[in-house]
Asks: 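Before we start, here is the structure in question, set down as C-alpha cells.
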Amino acid sequence: MTAELIVPPDSVMAVVRELNAALPTAERAAGRVPSPRPKGKFVRVRAAGGAPASLVHVTPTVLVESYAATDGDADDLARRCHAIILRAARNGWMGGVPCADVGVFAMPADLPDPDTDQARSTATYAVTLRAA
Amino acid sequence: MGTTIRIEVNQAAIREILKSDEVRADLEARAKRIAAAAGGEPDYEVDVRWGSTRARASVRTATFDAIRDEARNRTLSGALDAGR
C-alpha cells in the first residue's frame with residue numbers, strides 16, 4: 001500500500017489571502033512586486049525556508065515587506081500586517097489554511113530597499129500551517 | 001478524582017543554565033551555522049556575549065556587499081533555518 005501524499009500548503013498565498021481579506025484595497029498584498037509598481041502602499045510576502053513541524057504541519061519562514069511613500073506609512077502598514085497575522089493564529093486559520101501557531105522572528109523594522117526610493121518596513125514570521 | 005501534580009520551578013537554576021558555558025557554546029554554534037549559510041566571512045560576523053540574564057549570539061552583515069545583499073535578496077534572513 002502506498003503512503004498518502006501530503007503536500008505542504010502554499011504559505012505565501014495563505015498569508016497574502018489573509019492580509020488582503022483585512023487590508024483596504026489600496027494596500028494589496030502579493031507574492032511579488034506588482035507590475036506596474038504601485039506608487040502608494042503595497043505588501044510583498046516572501047518565503048524564506050522553514051522546516052517540517054510534524055507529519056502534516058510545516059513551519060515556513062515568511063518575510064512580510066510593507067512599502068509606502070514614507071517611513072511612517074511603511075511602519076504603520078507593517079504593524080497592521082503584524083496584527084492581522086497574529087490574529088489569524090488566534091483564529092486558527094491563515095487565508096483558509098489551518099494555522100496552529102505564528103512565531104515572530106522579528107517585529108517590523110525599517111529596511112530600505114536599494115532598488116527603489118519607497119520606504120520599506122519588514123517583519124519575519126514562522127507560520128505553522130497544516131496540510132489540507 | 002485526578003492526581004494533583006505540583007511543579008516547583010527552580011528559578012535560580014534556570015538563570016544559571018541560561019548563562020552556562022554549554023548554552024553559550026550552543027548559541028555560538030547556531031550563529032556560526034547561520035553566518036556560514038548566508039555566505040560566511042568576511043561578509044557576515046558572529047558575536048557572542050553574556051547578557052544580564054542569559055547568553056546571547058548574533059549574526060550581522062559586516063560588509064557593504066552583505067548589507068546590500070540582505071536589503072535586496074534577504075540572504076541573511078533566509079539563512080535563519082541553519083540555526084535550528
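We name chains A, B, ... by the order of the sequence lines, and we start the count at 1 in each one.
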Asks: Got more than 12 heavy atoms from elsewhere within 6.0 Å of CG, A/N91?
Replies: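 Yes, the 6.0 Å shell around CG holds more than 12 heavy atoms from other groups.
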Asks: Could you tell me whether B/K32 atom NZ has more than 12 heavy atoms of other residues or ligands within 6.0 Å of it?
Replies: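 Counting other residues, nucleotides and ligands, NZ of B/K32 stays at 12 neighbours or fewer.
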Asks: Given the rule in the salt bridge (charged side-chain N to carboxylate O under 4.0 Å, His left out) test, do A/D115 and B/R72 qualify, once you have shown the distances and angles that lead to the verdict?
Replies: CA-CA 7 Å; A/D115 297 324; B/R72 187 168 282 152; 2.7 Å; yes
Asks: Under 4.5 Å between side-chain heavy atoms, counting indirect links through other Ile/Leu/Val/Met/Phe/Trp/Tyr residues: same cluster for A/W93 and A/V64 or not?
Replies: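 In one cluster: no.
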Asks: So what's closer than 4.5 Å to chain A heavy atoms on B/L80: side chain, backbone, both or neither?
Replies: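 Interface part for B/L80: side chain.
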Asks: Determine whether B/L76 and A/L63 fall in the same hydrophobic cluster, where Ile, Leu, Val, Met, Phe, Trp and Tyr are linked whenever their side-chain heavy atoms lie under 4.5 Å apart.
Replies: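 They do not share one cluster, since no chain of ILVMFWY contacts under 4.5 Å joins B/L76 to A/L63.
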Asks: At their closest point, which heavy atom of A/T59 faces which heavy atom of B/R84, and how far apart are they?
Replies: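 Taking A/T59 first and B/R84 second, the nearest heavy atoms are O-NH2, 3.8 Å.
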Asks: For A/T124 versus B/R74, what's the shortest heavy-atom pair and its separation?
Replies: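 Minimum heavy-atom contact is OG1-NH2, 3.9 Å.
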Asks: Determine whether A/I6 and A/V127 fall in the same hydrophobic cluster, where Ile, Leu, Val, Met, Phe, Trp and Tyr are linked whenever their side-chain heavy atoms lie under 4.5 Å apart.
Replies: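 Different hydrophobic clusters.
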Asks: If only atom types and distance count, is the side chain of A/R120 paired as donor or acceptor with the main-chain N or O of B/A71 below 3.5 Å?
Replies: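 Yes; judged by distance alone, with no hydrogens or angles, the pair exists.
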